[in-house]
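In what follows, a structure is listed as structure tokens, so that the remarks can point back to it.
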Amino acid sequence: MTRFGVVLIAEDCSRNEWAARCRRAEALGYDVIAVPDHLNLLAPFPTALLAAEVTERAMIGTYVLNASFHRPALLARDVVTLDRLMDGRLELGLGTGYVRAEFEAAALPFGAGVRTRTLERLVAELDRLLEHKRPPLMIGGHGDRVLNLAARNAEIVSFTGAPFRPEYGRTALVDAATLLGRVAHVRAAAGARSAQPELNVLSKGTVLTRDRRAGVRSLSRYAPDLTVEQLLEVPTLFSGTPAQIAEQVRRDGERYGFTYVTVMDSAMEDFGRVIEHLR
């Protein structure tokens with residue numbers, strides 16, 4: 001059975017507003033409510049804890065903590081505390097970070113190699129410090145080193161399908177064939193692990209419409225160099241009626257092996273109508 005998650009954005013949000021949004025996400029059928037880790041948003045750990053307090057069944061995740069923002073020993077303490085206060089409902093998501101301006105504001109190096117090494121060290125230290133007390137670990141990314149790390153160490157591998165593109169100064173989505181290659185890379189890197197990692201995909205946008213082509217055209221900013229036909233095929237964008245998108249989720253699950261789909265805050269209500277067709 002497929003799991004569904006939503007990344008909720010807490011920006012200038014009151015306690016009551018945040019609590020209401022978390023409850024709404026759970027009522028719509030989301031299995032995981034996740035919080036991001038960006039300097040312009042409210043801090044991830046307090047918002048995650050409040051999400052757990054005001055909901056009953058949903059896992060509470062971080063999608064994803066920027067490894068460069070966190071010292072291993074201090075993060076290990078926070079993870080143990082959160083997981084205990086959440087009664088074991090924490091899903092720990094980690095990544096390299098990708099917003100250059102945030103690294104500059106925090107006086108941290110931004111080079112890709114440095115960020116990846118920082119994530120590798122953090123994962124190794126958390127495993128050492130937490131031993132058998134670590135909650136389920138998700139690692140999200142696109143490049144070889146990050147996906148290798150995820151395949152060998154994480155319970156969940158999240159495919160962003162969006163490498164940093166210098167020509168755009170930001171991330172951009174790859175086509176379906178490239179993402180399928182990334183999945184194959186993870187399966188090979190996971191090798192003979194006794195428990196194969198769960199495969200997650202992060203969707204950038206959802207448009208409910210009867211005109212699928214027009215819908216994906218409105219999302220083309222996420223992949224400026226892809227054609228409409230390519231946009232219709234990628235598992236990182238959804239366009240169509242709720243029933244059509246539900247069928248796409250099923251097809252993507254068969255083709256890529258995804259059993260966990262995460263959408264962004266802006267798609268929470270619309271994708272909630274899709275979930276109704278998948279339960």
Side-chain angles (χ1 to χ4, degrees), residues 2-9 30-32 34 36 61 63-64 93 95-99 138-144 146-147 150-151 156-165 167-168 170-187 197-209 212-242 244-275 278:
T2 303
R3 296 198 297 154
F4 303 103
V6 59
V7 181
L8 293 186
I9 307 298
Y30 289 95
D31 304 288
V32 182
Y63 197 102
V64 287
T96 62
Y98 62 92
V99 182
M138 167 192 281
I139 296 177
H142 182 79
D144 285 359
V146 171
L147 291 182
I156 307 157
V157 180
S158 180
F159 295 88
T160 61
F164 182 79
R165 297 284 291 276
E167 64 269 38
Y168 303 132
R170 57 179 175 82
T171 60
L173 296 177
V174 298
D175 63 16
T178 300
L179 190 53
L180 191 61
R182 296 286 74 198
V183 172
H185 181 94
V186 164
R187 293 194 187 283
E198 182 179 20
L199 303 187
N200 167 272
V201 63
L202 175 66
S203 170
K204 286 290 189 179
T206 298
V207 176
L208 295 187
T209 177
R212 295 189 67 231
R213 296 177 69 85
V216 293
R217 283 195 196 99
S218 72
L219 299 172
S220 62
R221 64 190 180 276
Y222 295 114
D225 56 345
L226 298 189
T227 66
V228 170
E229 286 70 25
Q230 288 174 312
L231 292 172
L232 286 169
E233 191 182 4
V234 295
T236 43
L237 297 175
F238 296 122
S239 174
T241 65
Q244 287 174 327
I245 295 174
E247 183 57 32
Q248 179 185 343
V249 171
R250 293 188 188 98
R251 290 196 308 269
D252 292 342
E254 293 171 0
R255 183 180 186 187
Y256 300 87
F258 298 141
T259 58
Y260 181 2
V261 177
T262 298
V263 300
M264 300 303 295
D265 194 318
S266 59
M268 181 177 79
E269 291 289 338
D270 286 346
F271 196 81
R273 294 177 59 187
V274 177
I275 294 174
L278 292 163

Should the pair R250-E247 be classified as a salt bridge under the 4.0 Å nitrogen-to-oxygen rule?
yes
Side-chain touch [X]/[Y], heavy atoms, less than 4.5 angstrom:
{"X": "L231", "Y": "L219", "answer": "no"}
{"X": "R3", "Y": "I156", "answer": "yes"}
{"X": "L179", "Y": "P235", "answer": "yes"}
{"X": "V261", "Y": "F271", "answer": "yes"}
{"X": "R213", "Y": "L232", "answer": "yes"}
{"X": "T2", "Y": "F258", "answer": "no"}
{"X": "T160", "Y": "T171", "answer": "no"}
{"X": "I139", "Y": "V146", "answer": "yes"}

Which is it for L199 and Y256 under the side chain to side chain contact (heavy atoms under 4.5 Å, CB included) test, yes or no, and what are the steps along the way?
CA-CA 8 Å; L199 303 187; Y256 300 87; over 6 Å; no
Check whether D31 reaches the backbone of G5 with its side chain - one donor and one acceptor, N or O, closer than 3.5 Å.
no
If you apply the rule side chain to side chain contact (heavy atoms under 4.5 Å, CB included), what do you find for I245 with R273, and how did you get there?
CA-CA 10 Å; I245 295 174; R273 294 177 59 187; over 6 Å; no
Considering all heavy atoms of both residues, which atom of [X] and which atom of [Y] are nearest to each other, and what is their separation?
{"X": "A172", "Y": "R165", "value": "CB-CG, 3.7 Å"}
{"X": "Y30", "Y": "A267", "value": "OH-O, 3.9 Å"}
{"X": "P36", "Y": "I9", "value": "CG-CD1, 3.8 Å"}
{"X": "R212", "Y": "G240", "value": "CG-CA, 3.7 Å"}
{"X": "P197", "Y": "A151", "value": "CG-O, 4.3 Å"}
{"X": "G141", "Y": "L147", "value": "O-CD2, 3.8 Å"}

Quick one, Y222 with V234, criterion side chain to side chain contact (heavy atoms under 4.5 Å, CB included). Give me CA distance, side-chain angles, the key distance, then yes/no.
CA-CA 11 Å; Y222 295 114; V234 295; over 6 Å; no
Go through the steps to decide whether V263 and V6 satisfy the test side chain to side chain contact (heavy atoms under 4.5 Å, CB included), and finish with yes or no.
CA-CA 5 Å; V263 300; V6 59; 4.1 Å; yes
Measure the OG1-CG distance between T236 and L173 for me, rounded to the nearest 0.5 Å.
4.0 Å
To the nearest 0.5 Å, what is the distance between OG on S218 and CZ on R221?
6.5 Å
